[in-house]
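As the structure is a prediction and not an experimental result, all values here were calculated from the model. We name chains A, B, ... by the order of the sequence lines, and we start the count at 1 in each one. Hydrogens, waters and symmetry mates play no part in the numbers below; they use all other heavy atoms, side chains included.
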2 protein chains.
Amino acid sequence: MKSPRQPPELTEAEWAIIKAVWKREPCAAPDIQEELAGQKGWAYSTVRTLMDRMVRKGYLVSEKIRHMDLYRSAVTPKQAQKAELLYALKHAFDNALTPMVQRLLETRELSPTELEELETLIRERRKQAAAKKPERRQDHEHLD
Amino acid sequence: MKSPRQPPELTEAEWAIIKAVWKREPCAAPDIQEELAGQKGWAYSTVRTLMDRMVRKGYLVSEKIRHMDLYRSAVTPKQAQKAELLYALKHAFDNALTPMVQRLLETRELSPTELEELETLIRERRKQAAAKKPERRQDHEHLD
DNA sequence: TTGACATATTTACAGATGTAAAGAATACTT
DNA sequence: AAGTATTCTTTACATCTGTAAATATGTCAA
């Protein structure tokens, strides 16, 4: 037996699908087929199969409206992104966050703007952390 | 046909293997089997199969020394980490780096130390970038 | 040389994934 | 009502992954 990449752990094809769903939900399979026709050129049945499998996995939900199946996402972008990051963090970096960011910075040339954004990001965090210093953290707005 | 997650794109099992190889290379399959016996409890033949597949995929190389097969990694940790990051960056974040870091910061509670490390990291980068400002970038020590 | 080990090779098999054709059902148009 | 377009359902199949038993083969100690 295998432990399938925990909660949302998407494959490349699944990422394509769910991104299209996020963009147009609630939506029918043919919508997604069209949406992806350009990049993927998948046949309707392909898209459909993928979507139904994703329903079984809990990434999407579908409900039948008369003759049609309507799909919606069952995970938010946030959740899916987080899962992807956790996967990388765990396997490629043994959960060490700093090295991960470091490698990320080396991964491609950053524009001054990006660097600035990042610095601001971190500084904000630091301010926050400092502010709520005396608190027993563990539960914040982690409702995603 | 399918485009297999470009260059090094490792599965969970493969990550386990290659990390063990990095730790002990050059090494024989039984070494790795032992090394992972604890966490994974894989049979020798399992480890062996995985390793040989990884050779075919170009993640490892092996050479026969008399009666034994010696394995080495064919990709560096850096390369593998980078590939993993690129995968996440591309699929989960549409190549937008800042959002990725942002999500990463929300992904778990960061210690003040970590935050400080991160800030330093970015500041260093910024300094570098500023220094070599007038250069036509595109080619640095990106030999990984 | 004969076992006993250590190591390698072959073969298997279930489940996941990528991809889709063909056939069935429903709805829309004229 | 018949034909056409739309959507769904079934079935298929190759490849990849996780997992390993069984078998063979080379090595070394007695």
Side-chain angles (χ1 to χ4, degrees), chain A residues 1-21 24 26-71 87 91, chain B residues 1-21 24 26-71 87 91:
Chain A
M1 201 162 310
K2 208 312 203 93
S3 70
R5 293 186 152 201
Q6 266 298 307
E9 242 330 307
L10 308 179
T11 69
E12 198 161 356
E14 289 169 342
W15 269 112
I17 298 277
I18 206 169
K19 283 198 275 189
V21 171
R24 328 186 42 160
C27 56
D31 294 336
I32 301 304
Q33 200 273 307
E34 273 170 44
E35 175 81 27
L36 298 177
Q39 309 118 73
K40 298 295 187 175
W42 280 329
Y44 165 80
S45 45
T46 299
V47 171
R48 189 57 204 258
T49 302
L50 289 172
M51 292 179 78
D52 288 338
R53 284 178 186 165
M54 288 173 76
V55 168
R56 263 194 274 114
K57 294 197 203 175
Y59 304 156
L60 301 179
V61 289
S62 77
E63 93 185 280
K64 196 180 263 311
I65 300 292
R66 303 181 65 63
H67 167 244
M68 235 180 35
D69 290 304
L70 264 202
Y71 293 80
Y87 180 84
H91 297 98
Chain B
M1 202 161 310
K2 208 310 206 92
S3 70
R5 292 187 152 201
Q6 267 299 309
E9 242 332 304
L10 308 178
T11 68
E12 197 161 358
E14 290 169 341
W15 269 111
I17 297 277
I18 206 170
K19 284 198 273 189
V21 170
R24 326 187 43 160
C27 55
D31 294 335
I32 301 304
Q33 200 274 307
E34 274 170 45
E35 176 80 27
L36 298 177
Q39 310 117 75
K40 296 296 187 174
W42 280 328
Y44 165 80
S45 44
T46 299
V47 171
R48 189 57 205 258
T49 301
L50 289 172
M51 292 179 78
D52 287 338
R53 285 178 185 167
M54 288 172 77
V55 168
R56 264 194 275 114
K57 295 197 201 174
Y59 304 156
L60 300 180
V61 289
S62 77
E63 92 185 280
K64 195 179 265 309
I65 301 293
R66 302 182 65 64
H67 169 243
M68 236 181 30
D69 290 305
L70 263 202
Y71 293 81
Y87 180 84
H91 297 98

*When rounded to the nearest 0.5 angstrom, what distance separates CG in A:L50 from CG in A:L60?*
10.0 Å
_Side chain of A:K64 - closest among C:dA8, D:dT9, C:dT17_ = D:dT9
*Nearest-nucleotide wise, let me know which of A:P30 and B:E14 is further upstream toward the 5' end of DNA chain D.*
A:P30
*asked:* Quick check on side-chain contact (heavy atoms from CB on, under 4.5 Å): which of A:D31, A:V61, A:I65 does A:L70 satisfy it with?
replied: A:I65
*Strand-adjacent residues in residues 43-54 of chain A, judged by heavy atoms under 4.0 Å from DNA chain D*: A:Y44, A:R48
*To the nearest angstrom, how far is B:Y59 atom OH from D:dT17 atom C1'?*
12 Å
*Which one, D:dC8, D:dG18, C:dT17, comes nearest to the side chain of B:A13?*
D:dG18
*What is the distance, rounded to the nearest whole Å, between atom CZ of B:R66 and atom C1' of C:dA8?*
15 Å
*asked:* What's the separation between atom CD1 in A:I32 and atom NZ in A:K40, rounded to the nearest 0.5 Å?
replied: 13.5 Å
_Interatomic distance, A:I17 CD1 vs C:dT17 P [rounded to whole Å]_ = 13 Å
*For D:dT17, does OP1 or OP2 lie under 4.0 Å from any side-chain N or O of B:K57?*
yes
*Just how far, in rounded Å, is C1' of C:dA21 from CD of A:Q33?*
14 Å
_Side-chain donor or acceptor of A:Q33 paired with backbone N/O of A:A43 under 3.5 Å_ = no
*Of all the nucleotides listed (D:dC8, D:dT25, D:dT19), which has the minimum atom distance to the side chain of B:W42?*
D:dT19
*How far apart are the closest heavy atoms of B:L10 and A:Y87, and which atoms are they?*
O-OH, 3.3 Å
*Looking at CE of B:M51 and CD1 of B:I18, how far apart are the two atoms once the value is rounded to the nearest 0.5 Å?*
9.5 Å
*asked:* Expressed as a whole number of angstroms, how long is the span from A:E9:CD to D:dT17:C1'?
replied: 15 Å
_Just the rounded figure in Å: distance from C1' of D:dA5 to CE of A:M68._
15 Å
*Is any side-chain N of the basic residue among A:R56 and A:D52 closer than 4.0 Å to the acidic one's carboxylate O?*
no
*Measure from CG on B:L10 to P on D:dG18 and round the result to the nearest Å.*
11 Å
*asked:* I need the NZ-P distance between A:K40 and C:dT17, as an integer number of Å.
replied: 15 Å
